Amino acid sequence: MLVERDALLAELVTDLDDALAGTGRVIFLGGEAGVGKTALVRSLARLARPRCRVRIGGADNVTTPGALGAFQDAIPEIAASVTAGGDRIRLFRELRDLIAAAPALLVLEDLHWADEATLDAVRYLARRIETSPVLVVATYRHDEITARHPLTALLGDLATTAEVRRLLVPPLTVDGVARLISESGDAVDPTALHLRTGGNAFFVTESLAIGGVALPATVSDAILARVSRLTPAAQDVAAAAAILGAGADAELLARISGQALDAVDECTDAGVLIEVGGSLGFRHELAREAVEQSLSAVRRRQLHGRALRALAERTPEDHRTLAHHAAGCGDEAAAMAHAVAAAEKAARGSAHREAAEHYRLAVRHCISATERAELFVALSYECYLTDQLPEALTARQQALELHEVIGDALRLGDDERWLSRLSWFSGHGNDAQRYGLRAVTTLEQLAPGVELAWAYSNYAQLRMLAEEPEEVEHWGRKALELARALGSPDIESHALNNLGTAELQSGRVEQGQRDLTRSLDIARAADLPEHVARAYTNLGSSAVLQKRLADAHVFLSAGIAFCEDRDLDSWAGYMTACLSLALADEGRFDEALASADPLLDHAGTAPVSLMPAAGAAARVLARRGSDATPRLALAQRLAAEAGELQRLAPAVCAAAEHAWLTGDAGPSAR
């Protein structure tokens, strides 16, 4: 029964009405574990079924999440496209079309456990749902997401989206607890039970399920007390269900537990397990965790082994689950093989955080030095894609050490090039230069190949960032010549970008724009979104610095539109920051602040975007006679940490302008 949820349910029904009338909505429904989010959305689903299609999916924490796992649960038609991989924006468009094909309620449960691709897809849909007859309700544990949790970044990104809002499911009051006690028929003091459970609906229900007379010290005790009332055979079934998590059928539970189907029926009759969508599981994840944690290590290994054998026959393609059970039963070879396969599948589905987690598991179960080196390379790349730079550096350094021991010079040189790249991203300029030059030296001793072409282009980029045009010309032309000989459009685009940007820096505007435009054309033709974004960025940012403001608006507007259409937020954010500088230069102060402030107020904005945004905001505030000190201090601090002239110069100019306007030549002007 729903208690004290009528008002929330009414709000959700109103949102459903709006959505079915053609104005799509996304609702993030927060609340602590066990507070009643699932009961609320299932009540909404029951009301919605006569009116529209209802799709329900969710994430769990039994294994590493699968790519777009919650969406695959809700929309099985997308599975083949996820497996095929490819351009994730094309996949998200297909997903949007499937969802919006008919009026629908889409429920995504436990988004705090969702994979990266699922969160990216939610972001994509939320920004484009306005004209779709769809209500998306996503539940999450608001008290379990930290400042650095990916879901926090998602909520921040969508904070200003009109079609998105958040609701919070509060704990029950004493009166609500009293209603549940009345329904159970137990003689329990409502105030005492409310105090013990904090008004958590699941905790209250579990306490009442064992009579509510002698209240357990913890909810875990209450859950285990209910399980202890089962026969030993049914307890074995509950243990198997705890190991398997969601999605187990009666036959599978019986096989893994080693018991008859009657024991499975006993669990459902007692309410220990419930059926949802044809599968059996615990009523709440907290219950599953309590039972799993009560098992001995030997018993766990035994059940994981049975699960591995059974699922290998049933679903041999489900590598993430098989890797989990293989690790659980100590089968090293199977754990590594399935973890690598799961990682590759996750990466194809753009679930890069999950791919990294699978590679970590594979490394833990790998003995061969050659294979470990390959795994560290793969782990480093996935961490690089997901902004886990310290681990990306560490993993690549471990790969380098192993390649040195093995004597693989080609892989060693590629490690050095990547360590240069990762060091630059981490703000370690000297290390970036050192590794970049080492990569060139190592790889020039071998036959020319893709690795050497990338090493040349990487070093040209470092020289471009240091504003050394002659060095950029030397290394960039070497990279370009080799890239063309090898037929590598990504390296060719990268090299032309470096050359074109250096030419713009030197005042050779026509030649610079020609090379950068060629870089852009190659990237577009080869479907290389990040290289397209980089070309627009350097065309636009160079125009801002050189006060070619008409050009700046053309390139930045086109680049921002391209990136927003593909949810390339980091590139879009940087170009928006550059646009704020152009607007400030034009005296369009309100527009400049409108571009800069959202970036400065968003906790997830990268430092490279914060610098120009803070500089633009500081200049506007100073010119208006407002306090520009906080924005100016931020711009200077970040520029000093970056240590590059292209970052330092704008910050110093902003400080000088501030000092001139205020007459204060204090620390901010130094």
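The model shown is predicted, which means the values in this text are computed figures rather than measured ones.
In summary, R165 and E11 engage in a salt bridge, as defined by a charged side-chain N under 4.0 Å from a carboxylate O. R301 has no carboxylate O lying under 4.0 Å from a charged side-chain N of D331, or vice versa, which leaves the two without a salt bridge. At a threshold of 4.0 Å, the pair R360-E391 counts as salt-bridged, since one of the basic side-chain nitrogens sits closer than that to a carboxylate oxygen.
Taking the six-membered ring where the residue is Trp, the centroids of Y140 and W113 are separated by 6.0 Å or more. Aromatic ring centroids of H112 and H142 lie 6.0 Å or more apart.
A donor-acceptor contact shorter than 3.5 Å is absent between the side chain of Q398 and the backbone of F376. Listed for the R53 side chain is no donor-acceptor partner under 3.5 Å among the backbone atoms of A104. The closest donor-acceptor contact from the side chain of R288 to the backbone of A242 lies under 3.5 Å. One N or O on the side chain of K37 and one on the backbone of G31 form a donor-acceptor pair closer than 3.5 Å. Judged by distance alone, with hydrogens and angles left aside, the side-chain atoms of E382 form no donor-acceptor pair with the main-chain N or O of R353 at under 3.5 Å. Between the E116 side chain and the H352 main chain, a donor and an acceptor come within less than 3.5 Å of each other. With T173 contributing its side chain and G176 its backbone, the two residues share a donor-acceptor pair below 3.5 Å. Between the side chain of R226 and the main chain of G271, a donor-acceptor pair closer than 3.5 Å is present. With S182 contributing its side chain and R179 its backbone, the two residues share no donor-acceptor pair below 3.5 Å. Not one N or O on the side chain of R306 forms a donor-acceptor pair closer than 3.5 Å with the backbone of Q302.
Shortest non-hydrogen contact noted between A33 and N200 is O-ND2, 2.6 Å. Counting all heavy atoms, side chain and backbone alike, S380 lies closest to A392 at OG-O, 2.7 Å. The two residues P171 and E32 come nearest to each other via the heavy atoms CG-OE2, 4.5 Å. Of all the heavy atoms in N61 and E285, the pair that sits closest is OD1-OE2, 2.6 Å. The shortest heavy-atom contact between A362 and V340 is CB-CG2, 3.8 Å. Shortest non-hydrogen contact noted between A121 and L95 is CB-CD2, 4.0 Å.
Residues V26 and L158 have side chains not in contact (no heavy-atom distance under 4.5 Å, counting atoms from C-beta outward). Side-chain atoms of V137 and F28, non-hydrogen and from C-beta on, never get closer than 4.5 Å to each other. Between L105 and R55, the closest side-chain pair of non-hydrogen atoms is not below 4.5 Å. The shortest side-chain heavy-atom distance between F92 and R123 does not fall under the 4.5 Å cut-off. V54 is not listed as a side-chain neighbour of R42, based on a closest heavy-atom distance of 4.5 Å or more.
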Residue pair D318, K345: steps toward the salt bridge (charged side-chain N to carboxylate O under 4.0 Å, His left out) verdict: CA-CA 10 Å; D318 188 4; K345 183 177 180 180; 5.9 Å; no
CA sep, side-chain torsions, deciding dist, call: S43, R46, side-chain hydrogen bond (donor to acceptor under 3.5 Å, both in side chains): CA-CA 5 Å; S43 293; R46 283 193 294 272; 3.0 Å; yes
Derivation of the side-chain hydrogen bond (donor to acceptor under 3.5 Å, both in side chains) call for T118 and D115: CA-CA 5 Å; T118 291; D115 61 284; 2.6 Å; yes
Residue pair E94, S81: steps toward the side-chain hydrogen bond (donor to acceptor under 3.5 Å, both in side chains) verdict: CA-CA 9 Å; E94 180 183 347; S81 297; 2.8 Å; yes
Derivation and outcome, salt bridge (charged side-chain N to carboxylate O under 4.0 Å, His left out), residues R320 and E357: CA-CA 10 Å; R320 68 184 183 93; E357 190 59 38; over 6 Å; no
H358/H319 under ring pair (Phe, Tyr, Trp, His ring centres under 6.0 Å): CA gap, chis, key distance, verdict: CA-CA 10 Å; H358 288 306; H319 294 291; 9.8 Å; no
Chi angles and distances behind the side-chain contact (heavy atoms from CB on, under 4.5 Å) call for V134, L125: CA-CA 10 Å; V134 177; L125 292 171; over 6 Å; no
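Between H325 and H304, the ring planes are tilted. Angles from 30° to 60° get that label.
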Enumerate, atom names and distances included, each donor-acceptor pair closer than 3.5 Å involving a side-chain atom of residues 250-259, sequence neighbours excluded.
residue: R255; atom: NH1; partner: E313; partner atom: OE1; Å: 3.2
residue: R255; atom: NH2; partner: E313; partner atom: OE1; Å: 3.2
residue: R255; atom: NH2; partner: E313; partner atom: OE2; Å: 3.3
residue: S257; atom: OG; partner: L253; partner atom: O; Å: 2.7
residue: S257; atom: OG; partner: A254; partner atom: O; Å: 3.2
residue: S257; atom: OG; partner: Q259; partner atom: N; Å: 3.3
residue: Q259; atom: NE2; partner: D236; partner atom: OD2; Å: 2.8

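The environment of Y381 atom OH is sparse: at most 12 non-hydrogen atoms of other residues, nucleotides or ligands sit within 6.0 angstrom.
Atoms CG and CG, from D15 and L167 in turn, are 7.0 Å apart once rounded to the nearest 0.5 Å.
Defined by atom type and a distance below 3.5 Å, a donor-acceptor pair is missing between the side-chain atoms of D265 and T268.
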